[in-house]
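Notes follow once the structure below has been shown.
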Amino acid sequence: MSAESPDDVDADEEQKRATTSSPYTVQRDEGEKHHVFWADAVADRVEEREPEEPIVIKGGISPSGVPHLGNVNEIMRGYFVAEVLRERGHEVRQVFTADDRDPLRKLPRTLCDLEGNLVDLGEVNASALGRNLGSPYTDIPDPFECCDSYGDHFSNIIQNSADAVDVPIELVSTTELYETGQLEDVTRFVLEHQDRAREVLSAYQDKVDEDYVPFNPICEECGKVTETVTAVDVDAGTVDYRCTDMEAGDQTISGCGHEGTATLREGKLPWRFEWPAQWQVLGVDFEPFGKDHAEGSWPSGQDVARNVLEIEPPVPMVYEWFTLDGEPFSSSEGNVILVSDVLELLEPEVLRYFFAKDPSKARDFSVERLDLLVDEFDRFEAIYFGEVEASEDERAFAERVYPLVVDEPREERIRLPYTFAAVLGMTDDPDLREEIARREGHISEDDPEWAIEGALARVARARNWARRTENEFDYELKRSEIPDHDFDEPTEAALADLAAFVEEGHGPEEIQGEIYESAKRHDVPVGEFFSAGYRLFFDESQGPKLGPFLSNVDREFVVDRLRRER
RNA sequence: GGGCCGGUAGCUCAGUUUGGCAGAGCGUCUGGCUUUUAACCAGACGGUCGCGUGUUCAAAUCGCGCCCGGCCCGCCA
């Protein structure tokens, strides 16, 4: 480098630019056909590679702990590209690596069971985990004792998440790729070309020196992934190692000092090599990844692929991270939500829609304002069916993307507005929910049964949302038992008036009016009288618009309750 | 400090690749409905498109400089 003239440097730069693909610009490829959907632009790029069938799309994460909604990017982003390519007549495999030979580097403060319930580290056998710091996830016993290993436990949850959003993935265990020898040839190749490997990687990592060996054996004595290789015998397919201390963040995981020999199946490649090795072994044509990889492992990864492994790296795509209610995901801070949690709050298609949006934009997944997202989806859907006015852009996006977001577009479906569904959730009587929805005109006589069922399923979800956020819809009609109350005489008299009025049979607005009238008649401040009503029906001082609500609940109960008789 | 991505109405977001009147939903306000109580309908209000500058007949869109937020530039993944 030092002997080169400036011209040569420029030529080098030129060369590098020509062969280096930016993972950012894929969504809007200059000079190419403009697409309304980013996955179409990515699919163009994949097709340009003239890939062999089946086309392989990969994602992957380290099953290190609670797999939260952010990890779903790895699944859904790839899925949309896979679907677009399938539409175009290609055979596509979507594989997903659980990078489960990675060592446990620090104790997670929070874990979760297979149902997705968060569990504090203190509630499981933490010391057993502590002893396994530095060991591959697949060699650590499952703290919940329900799966074969720690790695399997969290891999299972990832698989469940993919199932829940109805994305077919082939989950591949990286440990298995090593153990079955599928990564053995590429591992040997890397060790055979250690000099090249060092040279390439040293451009990205300062620590890579003469002694660096791109292989980390697992200590046969203590089971930890070690970093000190003392000799390599490529022909025999073994390395000698000494089990030394490993730096992990701010702490040190101590090695046992054992000296031994490991085969190429008994260890792992460092990530910067493992990733490109996976591309080669699995034949990966496209892989999305988070922005943390964009300036680190992606540049080195494509360099390793081309100049060490001599393969063409996959089409890349960066996705922005999103936040949860404005804060970064953090299981230790409790700011975490799992796919299973989200699906208790909204339909899978709404979640799929969220991931169909532009990956280059950082977004907030706001549970507090989940109604906005659901409204947005409902509108998106209505635009697809031509039910509402929309701009050209919105229409084009909906027409292209909606069929990829829902399984089976059905025009007769019914969507209750999310906040209205939350109001219906104030009663747990399914018949009453349906009746109110009918009266309010959301369900009509000739609607098919499946559509009604689907509509009312949202009520349960909106109810969960109200309960989880404790928002203004979090009221529960106290039907079985009358709440404690203490009213003065004028209030009781006004309630008696109101009961008599309701008994006569009146509409929602009339009842609303009578609430004012009866309060005035007995000199009860209107606000206080409303509070009395909310106390009787919800055991709260506030609540939904009372007249319409009461008019929709069965009359006998309302009258009896106003008279404090049940 | 260097590289990269993002910044559009109170909130959530389209629009930027290909320059052509600044958009939607939600919220707010007003009215529909005599009098604070949240579901429905109609209307209105709401913007230095992060800031500055250049190019252009014309800039949210293109160039340059800057500000703010995030990621990377140690290790690990």
Side-chain angles (χ1 to χ4, degrees), chain A residues 22-25 27-36 41 60-62 64 99 102-103 105-106 204-207 216 225 227 246-250 270-272 274-275 289-299 318-323 328 357-366 368-380 383 388-394 396-397 416-424 426 436-437 439-442 471-473 475 508-510 512-513 515-517 519-520 525-527 529-531 533-534 541-549 552:
Chain A
S22 162
Y24 296 102
T25 53
Q27 297 97 291
R28 37 184 160 185
D29 209 354
E30 270 179 64
E32 304 240 330
K33 199 173 160 225
H34 175 59
H35 294 287
V36 296
I61 58 171
S62 191
S64 56
D99 296 326
D102 298 350
R105 302 178 66 82
K106 63 172 189 195
Y204 304 91
Q205 295 191 337
D206 295 341
K207 283 284 167 62
N216 302 128
V225 176
E227 289 175 332
M246 181 169 75
E247 299 296 327
D250 48 2
W271 167 247
R272 298 283 177 125
E274 188 174 83
W275 200 22
F289 44 84
K291 65 150 129 188
D292 53 331
H293 286 303
E295 305 300 325
S297 20
W298 167 251
V318 173
Y319 57 82
E320 274 284 335
W321 288 354
F322 56 90
T323 49
K357 290 152 75 88
D358 185 352
S360 72
K361 303 255 187 183
R363 288 170 206 285
D364 184 43
F365 187 86
S366 172
E368 292 288 329
R369 299 311 315 275
L370 211 58
D371 56 314
L372 290 176
L373 176 63
V374 179
D375 284 352
E376 194 182 310
F377 170 82
D378 288 352
R379 178 177 161 80
F380 164 74
I383 291 169
V388 293
E389 283 183 38
S391 70
E392 196 55 49
D393 295 313
E394 285 179 299
F397 185 78
L416 302 178
Y418 196 67
T419 51
F420 176 69
V423 171
L424 294 188
M426 293 175 191
I436 298 174
R439 270 188 235 172
E440 297 296 327
H442 291 288
N471 65 8
E472 71 268 39
F473 299 99
Y475 298 109
E509 299 308 328
E510 292 166 318
Q512 182 74 8
I515 296 173
Y516 287 100
E517 293 299 334
K520 280 179 71 176
V526 170
F529 192 53
F530 270 102
S531 292
Y534 294 128
S541 57
Q542 296 207 326
K545 193 167 180 181
L546 207 46
F549 191 89
N552 278 317

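The figures that follow rest on heavy atoms only: side chains count, while hydrogens, waters and symmetry mates do not. Throughout, a chain's letter reflects where its sequence line sits, starting with A, and its residues are numbered from 1.
Rounded to a whole angstrom, the distance from the P atom of A22(B) to that of C51(B) is 15 Å. Only the P atoms considered, G10(B) is 32 Å distant from C72(B), to the nearest whole Å. Comparing the C1' positions of A59(B) and C40(B) gives an interatomic distance of 42 Å, to the nearest angstrom. Between A14(B) and G32(B), the distance separating the two C1' atoms is 31 Å to the nearest Å. Rounded to whole Å, the separation between the C1' atoms of U8(B) and G25(B) comes to 15 Å. Separating the P atom of A9(B) from that of G52(B) is a span of 16 Å, rounded to the nearest Å. Going from the C1' atom of U12(B) to that of C64(B) covers 33 Å, rounded to whole Å. Distance noted for atom P between G63(B) and C5(B): 11 Å (whole Å).
Between Trp275(A) and Trp271(A), the two ring planes are parallel [angle under 30°; tilted spans 30° to 60°].
Rounded to an integer number of Å, the gap from Arg369(A) CZ to G25(B) C1' is 11 Å. One interatomic measurement links the two molecules: CZ of Phe397(A) to P of A14(B), which rounds to 8 Å at whole-angstrom precision. The nearest whole Å value for the distance from the CZ atom in Phe289(A) to the C1' atom in C5(B) is 13 Å. Put simply, CG on Asp292(A) is 15 Å from P on C76(B), counting in whole angstrom units. Note: CG (Leu373(A)) to C1' (C13(B)) measures 11 Å, nearest angstrom. In this structure, Asp358(A) atom CG and U12(B) atom P are separated by 16 Å, rounded to whole Å. The CD atom of Glu320(A) sits 11 Å away from the C1' atom of G7(B) (whole-angstrom rounding). Rounded to whole Å, atom C1' of A39(B) lies 6 Å from atom CZ of Phe420(A).
Across Arg379(A) and Glu389(A), no two heavy atoms sit closer than the pair NH2-O, 3.5 Å. Between Gln512(A) and Phe530(A) the shortest heavy-atom distance is NE2-CZ, 3.6 Å. What you find for Asn216(A) and Pro270(A) is that their closest heavy atoms are OD1-CG, 3.8 Å.
Residue Ile436(A) holds its CD1 atom at 7.0 Å from CZ of Phe420(A), rounded to the nearest 0.5 Å.
Look at Arg363(A) and you'll find a side-chain N or O under 4.0 angstrom from OP1 or OP2 of A14(B). Listed pair Gln205(A) / C75(B) meets the phosphate criterion, a side-chain N or O lying under 4.0 Å from OP1 or OP2.
For Asp393(A), counting side-chain heavy atoms from C-beta on, the closest listed nucleotide (G15(B), G25(B), A39(B)) is G15(B). Side-chain proximity of Pro417(A) to C40(B), C72(B), U12(B): nearest is C40(B). Side-chain proximity of Lys291(A) to C75(B), G70(B), C72(B): nearest is G70(B).
Residue Phe473(A) is classed as having no contact, given no heavy-atom separation below 4.0 Å to the nucleic acid. At a threshold of 4.0 angstrom between heavy atoms, the contacts of Ser297(A) include nucleobase atoms, whether or not backbone atoms are also involved. Here Ser62(A) lies in heavy-atom contact (under 4.0 Å) with sugar-phosphate atoms only. Residue contacts for Trp321(A): at a heavy-atom cut-off of 4.0 Å it reaches the sugar-phosphate backbone alone, with no base atom in range. Using a 4.0 Å heavy-atom criterion, one finds that Gly296(A) contacts the sugar-phosphate atoms exclusively. Counting any heavy atom pair closer than 4.0 Å across all strands shown, Tyr534(A) reaches a base atom. Across all strands shown, Leu546(A) has heavy atoms under 4.0 Å from sugar-phosphate atoms exclusively, and none from any base.
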_Test side chain to side chain donor-acceptor pair (under 3.5 Å) on Ser360(A) and Asp358(A); report intermediate values, then the result._
CA-CA 6 Å; Ser360(A) 72; Asp358(A) 185 352; 2.9 Å; yes

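Both Pro103(A) and Asp375(A) lie near RNA chain B, and the one whose nearest nucleotide falls closer to the 5' end is Asp375(A). Of the two residues near RNA chain B, Ile61(A) and Lys357(A), the one whose nearest nucleotide lies more 5' is Lys357(A).
Between Lys207(A) and Glu227(A), none of the side-chain N atoms (NZ, or NE/NH1/NH2) sits under 4.0 Å from a carboxylate O, so this pair counts as no salt bridge.
Pairing for G46(B) is absent, with no Watson-Crick or G-U wobble pair whose two atom distances lie under 3.5 Å. In this structure, U61(B) makes no Watson-Crick or G-U wobble pair, since no nucleotide meets both defining distances under 3.5 angstrom. A 3.5 Å limit on both hydrogen-bonding distances identifies no Watson-Crick or G-U partner for C33(B). When both distances must be under 3.5 Å, the Watson-Crick or G-U wobble mate of G74(B) does not exist. For A24(B), the paired nucleotide is U12(B), the pair qualifying as Watson-Crick or G-U wobble because both relevant distances are below 3.5 Å. Using the Watson-Crick or G-U wobble rule with both distances under 3.5 Å, G19(B) pairs with nothing in any strand shown.
No side-chain heavy atom of Tyr534(A) sits less than 4.5 Å from a side-chain heavy atom of Tyr475(A).
Side-chain to base pairing of Lys361(A) with U16(B): one donor and one acceptor N or O lie within less than 3.5 Å of each other.
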